[in-house]
Amino acid sequence: MSRSSTKMSARLAVALVVVVTTLGAVAVGAASVRAVTASSERAAIFNDAGVLPSDLTDAVTWRPDANRATRPMEPLTRELVTASWLRAWEQLRIVAETGDTSGVAVSFSNTALDDVLAGANGHGGQSLRQQSHDLELTFYSDDGQVIGLTAHATELVHSIERDDGRMERRSVERYDAVLVLEDGGWRIHHLVRRSVELGPWLIAPE
């Protein structure tokens, strides 16, 4: 092979490397953009339930884990479950006030999701505001994917606008729930209300 042919082959090889490297960088860049966009979209949906105020987070208390819980729950997992539980109730507030169910699948799945969707139009204009939650871990799977909990006392404020003003009443409700880790987030899989204590309707304070 002549010297000129060798130089031409070397130049072609260098050009090929440059092209492959450039295409690879473009592909990686496109994948990164898609990942960031998807992450932003998920974050936007996740935040539809509103930013949780610190006083609401502080209103959640955890009892010592039940003896039947198969393993202790890590502190970080407990924080994530707490936030997911609160956001789920904020999503229920949105559904009650607006009928908008576009964000419920972020917090609910399976039968719990079916129940929320089925009852979306049955609130009769009532607003629903969470006040506090008294929670207890009852089950935590070995693979860390499933959690069972009991809300011994979930305190809610129901309100409705009437011709003579806004009326409110409080309720204290008990729930059993199963949460499943799906797509990196905790969703309520099953939610069963075991009891409810309803207070009287009163004129809401100014």
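Because the structure is a prediction, the values reported are computed rather than measured.
Cation-pi contact between Arg71 and Tyr140: present, with separation from the ring centre below 6.0 Å and deviation from the ring axis of at most 45°. Cation-pi contact between Arg162 and Trp201: present, with separation from the ring centre below 6.0 Å and deviation from the ring axis of at most 45°.
His189 is listed as a side-chain neighbour of Glu182, based on a closest heavy-atom distance under 4.5 Å. In this structure the side chain of Leu202 never reaches within 4.5 angstrom of the side chain of Arg169, judged on heavy atoms. A 4.5 Å side-chain heavy-atom check between Arg194 and Asp176 finds at least one atom pair inside the cut-off.
The pair Arg93-Glu97 counts as a salt bridge, with a side-chain nitrogen and a carboxylate oxygen less than 4.0 angstrom apart. Classification of Arg129 and Glu90 as a salt-bridged pair fails, no side-chain N sitting under 4.0 Å from a carboxylate O. Ion pairing between Arg170 and Glu168 fails under the 4.0 Å rule for side-chain N and carboxylate O.
At distances below 3.5 Å, at least one donor-acceptor pair connects side-chain atoms of Thr98 with backbone N or O atoms of Asp100.
In the hydrophobic clustering of this structure, Leu113 groups with Leu128; members are Ile, Leu, Val, Met, Phe, Trp, Tyr whose side-chain heavy atoms approach within less than 4.5 Å, directly or through other members. At a threshold of 4.5 Å between side-chain heavy atoms, the hydrophobic network of Ile, Leu, Val, Met, Phe, Trp and Tyr places Leu86 and Val172 in two separate groups. Under a hydrophobic clustering in which Ile, Leu, Val, Met, Phe, Trp and Tyr are joined whenever their side-chain heavy atoms come within less than 4.5 Å, directly or via other members, Val180 and Leu137 fall into different clusters. Residues Met73 and Leu76 are members of one and the same hydrophobic cluster, defined by side-chain heavy-atom contacts under 4.5 angstrom among Ile, Leu, Val, Met, Phe, Trp and Tyr. Note on Leu135: it clusters hydrophobically with Leu80, by side-chain heavy-atom contacts below 4.5 Å among ILVMFWY residues.
Across all their heavy atoms, Gly144 and Leu181 have their closest contact at O-CD2, 4.1 Å. In terms of heavy-atom proximity, Ser159 sits nearest to Arg166 at CB-NH1, 4.0 Å. The shortest non-hydrogen separation linking Glu136 to Ala66 is OE2-CB, 3.3 Å.
Glu173 contributes atom CD, which lies 10.0 Å from atom CD of Glu197 (distance to the nearest 0.5 angstrom). Here His190 contributes atom NE2 and Thr111 contributes atom OG1; the two are 4.5 Å apart, rounded to the nearest 0.5 Å. The distance from atom OG of Ser109 to atom CG of Asp183, rounded to the nearest 0.5 Å, is 9.5 Å. Atom CG of residue Asp164 and atom CD1 of residue Ile203 lie 6.5 Å apart, to the nearest 0.5 angstrom. Interatomic distance, Leu179 CG to Trp186 CH2, rounded to the nearest 0.5 Å: 7.0 Å. The distance from the OG atom of Ser107 to the CD1 atom of Ile188 is 7.0 Å, given to the nearest 0.5 Å.
In summary, the aromatic rings of Tyr175 and Trp85 are positioned with their centroids too far apart to meet the 6.0 Å limit.
Side-chain atoms of His158 and Ser171 include a donor-acceptor pair closer than 3.5 Å. One side chain, Trp62 or Thr82, offers a donor N or O that lies under 3.5 Å from an acceptor on the other.
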Checking side-chain contact (heavy atoms from CB on, under 4.5 Å) for the pair Val81/Leu149: CA distance, chi angles, key distance, verdict? CA-CA 10 Å; Val81 170; Leu149 65 81; 4.1 Å; yes

Please step through side-chain contact (heavy atoms from CB on, under 4.5 Å) for the pair Phe108 and Asp115, ending with a clear verdict. CA-CA 9 Å; Phe108 297 91; Asp115 291 343; over 6 Å; no

Check the pair Val178 / Ile147 against side-chain contact (heavy atoms from CB on, under 4.5 Å), numbers first and verdict last. CA-CA 6 Å; Val178 175; Ile147 281 175; over 6 Å; no

Would Asp65 and Arg78 count as a side-chain contact (heavy atoms from CB on, under 4.5 Å) if you check the C-alpha gap in whole Å, the side-chain angles of each, and the deciding distance to 0.1 Å? CA-CA 11 Å; Asp65 296 349; Arg78 196 179 302 271; 3.3 Å; yes

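Evaluated for a side chain to side chain donor-acceptor pair (under 3.5 Å) with Thr154, the options Arg193, Gln130, His133, Gln131 yield exactly one hit, His133.
Under a cut-off of 6.0 angstrom, the local environment of CG in Leu198 is crowded, with over 12 non-hydrogen atoms contributed by other residues, nucleotides or ligands.
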